[in-house]
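Quick caveat, the model's predicted, so the values are computed rather than measured. Side-chain atoms are counted along with the backbone in the values below, which use heavy atoms only and exclude waters and symmetry mates. Order of the sequence lines fixes the chain letters, A, B, ..., with proteins taken first and strands second; residue numbering starts at 1 for each chain.
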2 protein chains.
Amino acid sequence: MSEVRKQDQAAAVEKPTMRDALVTAAFRLFMERGFEQTTIDDIVAEAGVGRRSFFRHFPSKEDVVFPDHDGCLAEMTAFLQDADDAGDPVEQVCDAARLVLRAYAVNPAFSVQRYLLTKKVPNLRAHELSVVWRYERALAAHLRARYAARADGALRADVIAAAVVAAHNHTLRTWLRSGGEGDVTAAVGQALSFVAETWSGSQAPSAPESQDDEVVVVVARRGTPMWRVVRGVEAALDV
Amino acid sequence: MSEVRKQDQAAAVEKPTMRDALVTAAFRLFMERGFEQTTIDDIVAEAGVGRRSFFRHFPSKEDVVFPDHDGCLAEMTAFLQDADDAGDPVEQVCDAARLVLRAYAVNPAFSVQRYLLTKKVPNLRAHELSVVWRYERALAAHLRARYAARADGALRADVIAAAVVAAHNHTLRTWLRSGGEGDVTAAVGQALSFVAETWSGSQAPSAPESQDDEVVVVVARRGTPMWRVVRGVEAALDV
DNA sequence: TAATTTGGGGTACTGAGTGCCATTGCGAGG
DNA sequence: CCTCGCAATGGCACTCAGTACCCCAAATTA
């Protein structure tokens with residue numbers, strides 16, 4: 001009942017049993033019959049709690065898939081606030097990104113399950129974008145403050161933040177796609193150094209990578225210029 | 001019944017009056033009493049159509065705020081597909097971003113209204129992220145094909161695509177915040193050149209064989225809305 | 001004129017999310 | 001021991017987004 005309190009850095013009040021029970025029950029049902037095929041009533045029945053209690057712990061059905069992103073975001077923000085004003089801001093946001101990575105790497109099985117869900121549920125993908133967007137804004141805000149003296153500081157901050165997030169997510173997704181095998185930390189480190197060295201100092205990037213061949217199925221309306229709709233798809237597919 | 005096909009680049013069946021009436025009615029009510037305070041019934045009552053017809057043209061309440069993003073995405077993808085394989089890929093995706101900018105600049109008043117809505121409605125902000133994500137994936141897919149020969153091609157593609165989108169959005173938002181004053185095209189051009197100059201010129205051409213190893217199947221019923229096509233495709237692709 | 005196709009309307013249903021209130025568990029003070 | 005908060009939870013009832021199903025009208029075709 002009381003040994004559940006571990007990650008005290010989450011800066012959130014611990015709801016020892018109920019919250020975890022809901023997450024566990026939700027994931028079991030989501031993996032078993034799919035996200036959209038699972039109702040809130042199914043989850044609360046599986047967890048043995050009342051329906052109203054679900055929304056007391058999670059604002060929406062999607063949020064149960066990202067149960068600790070609030071804590072992680074708070075952790076990242078605190079880290080950036082404590083960052084040395086004399087240090088390299090690009091390196092600092094890269095370290096902040098590594099902090100997020102650690103949250104994923106702590107529980108690979110959970111992260112892979114979540115990846116499989118978000119990959120094929122549009123609702124969850126959209127929700128994940130919102131989550132990632134908050135991280136990116138936090139990084140951009142830090143860079144913006146550090147680049148306040150530059151004329152193009154705000155633009156530079158937004159671009160670097162986006163690049164850091166993209167490099168982080170690219171490597172993370174590759175790792176998740178592999179099922180959580182190998183050393184993510186090292187891979188993300190290489191990817192981040194590729195970004196960091198673009199704006200910080202010397203050069204020497206290059207990370208091993210293999211492109212994946214995919215089968216494309218295009219659905220379009222009869223009588224429409226086919227070549228147009230056909231292109232409109234491969235944009236949407238490449239995850 | 002046959003002179004209706006005008007803007008063939010939209011690759012969508014023309015719904016002359018009804019669709020536009022719904023968009024106009026929706027925006028009037030959204031600006032007047034807010035997005036969440038407006039129900040679908042309010043919109044269809046204002047437009048003088050049946051409730052069921054709303055969902056025949058828009059998959060969700062949020063989509064009415066981005067009525068032409070499907071056509072714009074198709075246009076951008078077509079542009080990238082027609083791009084010269086010998087040209088600089090970074091410049092090409094920058095031009096593609098300029099294409100999207102043009103869609104915003106065509107109707108500044110509408111774009112500013114939409115910006116004011118998405119700025120303060122979390123639901124709309126999340127939906128906009130999904131829209132932007134599709135553009136970014138289209139750019140990344142093009143870069144990925146062009147960088148197929150590189151070892152770190154996929155990472156580089158994702159990072160550059162994210163940077164281009166960030167630069168585009170940064171400038172666009174600044175312009176929208178100003179109420180649509182000034183020359184966006186020039187401002188975005190500067191921002192994009194900032195990105196292009198950091199990554200351009202270091203490309204390794206070496207033709208990636210082709211993308212013809214993809215299987216393409218086109219099936220649909222006549223009159224299917226564009227969003228339904230796109231969604232059906234994404235479902236079939238597990239994107 | 002009857003059958004079919006196409007676009008739109010109407011009704012009823014599912015399910016997410018919310019507000020309100022009753023209940024239960026628990027510590028403090030009488 | 002009782003009871004007064006007090007916080008957490010459960011139990012409804014409600015709104016509204018989104019969907020399935022059926023109907024209707026106009027246009028087309030046999």
Taking atom [atom2] of [N] as reference, at what distance in whole Å does atom [atom1] of [X] sit?
X	N	atom1	atom2	value
B:Asn123	D:dA17	CG	P	11 Å
A:His127	C:dA16	NE2	P	14 Å
A:Leu22	C:dG17	CG	P	14 Å
A:Phe54	D:dA8	CZ	P	18 Å

Query - Pairing residues for A:Ala97 by the side-chain contact (heavy atoms from CB on, under 4.5 Å) criterion, not counting sequence neighbours - result: A:Val164, A:His168, A:Leu192

**Report entry** side-chain contact (heavy atoms from CB on, under 4.5 Å) partners for B:Ala161, two or more places apart
**Finding:**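 Counting only residues at least two positions away or on another chain, B:Ala161 forms a side-chain contact (heavy atoms from CB on, under 4.5 Å) with B:Glu136, B:Leu139, B:Ala140, B:Leu143.
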
Requested in this report: For DNA chain D, find the residues of residues 33-49 of chain B with a heavy-atom distance under 4.0 Å and give them by number; none if there aren't any.
Outcome: B:Thr38, B:Thr39, B:Ile40

**Report entry** Ring center gap for B:Tyr104 and B:Phe110 short of 6.0 angstrom
**Finding:** no

Report task. Can you figure out which of D:dG18, C:dG8, D:dG10 approaches the side chain of B:Glu62 most closely? Result -> D:dG18

Query raised in the report: Nearest to the side chain of B:Ser60 - D:dT9, C:dA16, D:dG18?
Result: D:dG18

Query raised in the report: Side chain of A:Ser53, backbone of A:Val49: donor and acceptor closer than 3.5 Å?
Result: no

Any N/O pairs under 3.5 Å between the protein and nucleotides 18-20 of chain C? List them or say none.
{"residue": "C:dG19", "atom": "N7", "partner": "A:Arg52", "partner atom": "NE", "Å": "3.3"}
{"residue": "C:dG19", "atom": "N7", "partner": "A:Arg52", "partner atom": "NH2", "Å": "3.0"}
{"residue": "C:dG19", "atom": "O6", "partner": "A:Arg52", "partner atom": "NE", "Å": "2.7"}

Query - Ion pair check, B:Arg125 and B:Glu62, cut-off under 4.0 Å - result: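 No, no charged N to carboxylate O under 4.0 Å.
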
Query raised in the report: Is the NZ or CZ atom of B:Lys61 both under 6.0 Å from the centre of the six-membered ring of B:Phe35 and within 45° of that ring's axis?
Result: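 Geometry flag: set, cation within 6.0 Å and 45°.
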
Report task. Examine C:dG7: is either OP1 or OP2 under 4.0 Å from a nitrogen or oxygen in the side chain of B:His57? Give yes or no. Result ->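 No, B:His57 has no side-chain N/O under 4.0 Å of OP1/OP2 on C:dG7.
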
**Report entry** Counterpart residues, salt bridge (charged side-chain N to carboxylate O under 4.0 Å, His left out), relative to A:Arg144 (two or more places apart)
**Finding:** A:Asp158

Requested in this report: Can you tell me which residue pairs pass the side-chain hydrogen bond (donor to acceptor under 3.5 Å, both in side chains) test with a partner in residues 26-47 of chain B, sequence neighbours excluded?
Outcome: B:Arg28-B:Glu46, B:Arg33-B:Asp42, B:Thr39-B:Asp42

